[in-house]
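Structure, as structure tokens:
FYI, side chains are in, hydrogens and waters are out, and symmetry mates aren't considered; it's all heavy atoms of this structure. We count ligands from 1, going down the list as the structure has it; atoms in each ligand are counted the same way.
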Amino acid sequence: MDMASVTNWDKSGAPGVLTIDLSAVRRNWRRIASLVAPARTSAVVKADAYGLGAERVSAALYEEGCRDFFVAQYGEAVTLRSLLADDAALYVLNGLQPGVESDCALRNVIPVLNSLEQVGRWRSTASLLGRRLPALLQFDTGMSRLGMAPEEAEALSCDPALLAGIDVRYIMSHLACADEAEDPHNAAQARMMQSISESFPGIPVCFGNSGGSFLGEAYRGAMVRPGIALYGARPTDILTQPMEPVVSIDAAVVQTRTVPAGTSVGYSATYVTERAQKLATVALGYADGVPRSLSNRGAFFLGNVRLPIVGRVSMDSTIIDITDVPDGALSLGARVEWIGPHQSIEQVAEDAGTITWEILTGIGNRYARHYR
Ligand SMILES: *Cc1c(COP(=O)(O)O)cnc(C)c1O
């Protein structure tokens, strides 16, 4: 056995190494903050900061100056709240969950109120606790997912008693098509948000996600909510200069073999060798976020050499063709690159027929994680 390659195993025994560059996250945040200033830049850290670790990412961004953090679920907020400094605001995008109202207020978690019913419950909570409670109001401007209809905005602005005891920090909305700059939905949503904001004079708007932040002033408001761009992926098609990559993933080879022509490879024998081929089995599978749709499509890399995936991606392993690699260069324990300098997450997502958001959030928890 080649001792040099054996030492390539991560000491924890993990089959893959996930490296997360927190200084790149900080620089990506800084880039957006400079671009959108004087608007504020928050950070969307839902789904464990898109799989990269909400605690570490939030701490790094707090140091960089970020004071506004968004999660999706109340449970995520409960976990994160105790780790964040008191002067950081923490917002819950998915609304005010029934039964948690007082707990939410006491923990200093700020709900995004998505319906008149939620506004009513927050108003009652404020009255019960005898103090004003902060909230964001979300309006649906064209996505039909979360938030109040424009008529409800009208109802709220005509009857201020409905907001008694509620300190509305921002009104917000979310863009459906910000990843495609030229999509006419964007301008339509911006127009609708503009008209809603006229009903709430003096209350700032929180609008763009990562893509929206790059679309121009009309899509930002007073605060933007970037997620994916912080984590290094291209958020919208007009962005010419890419974000700085944050994630790299390397995987260990657990077996190599040479097989003759006509040999079937992997589950359901979807690949049959056309000639004698050298194969390596890599210790990452769909349980580690390698999409099964990459079966017979995607690749790993050894330096510049592309090593195509052959056969089906399995749960814990993937077979690659290493015929182009010199004999002995890849043996037990050697590492190959899945995501890194030779293969971007954009490329992986494209090959898999999905989006970078899904690739990042699909990364499993079997990796040895290294933060830089
Ligand atoms: C997830 C989310 C974001 C962040 O979106 P990115 O495209 O990742 O920047 C912003 N706002 C809302 C409401 C979201 O759900």
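- Among protein heavy atoms, the minimum distance from atom 9 (O) of ligand 1 is reached at Ser210 OG, 2.5 Å.
- Ranking protein heavy atoms by distance to atom 14 (C) of ligand 1, first place goes to Lys46 NZ, 3.0 Å.
- In terms of N/O distances under 3.5 Å, ligand 1 is not approached by Gln138.
- For atom 4 (C) of ligand 1, the closest non-hydrogen atom on the protein side is Tyr50 OH, 3.3 Å.
- Heavy atoms of Arg145 found under 4.0 angstrom from ligand 1 belong exclusively to the side chain.
- For atom 10 (C) of ligand 1, the closest non-hydrogen atom on the protein side is Arg225 O, 3.4 Å.
- In this pair, Tyr50 and Tyr231 present their aromatic rings tilted. The plane angle is within the 30 to 60° band.
- Within a 6.0 Å radius of CD in Glu274, other residues, nucleotides and ligands contribute 12 heavy atoms or fewer.
- Contact annotation: for Phe70 versus ligand 1, there are no heavy atoms closer than 4.0 Å.
- Under 4.0 Å is where a charged nitrogen must lie from a carboxylate oxygen, and between Asp351 and Arg297 no such pair does.
- By the 4.0 Å N-to-carboxylate-O rule, Glu76 lies too far from Lys46 to be salt-bridged with it.
- Thr318 places no side-chain N or O within 3.5 Å of a backbone atom of Val313 that could act as its donor or acceptor partner.
- Looking at ligand 1, you'll find an N or O of Ile228 within less than 3.5 Å of one of its N or O atoms.
- Taking distance alone, with nitrogen or oxygen atoms compared against 3.5 Å, Gly227 approaches ligand 1 more closely than that limit.
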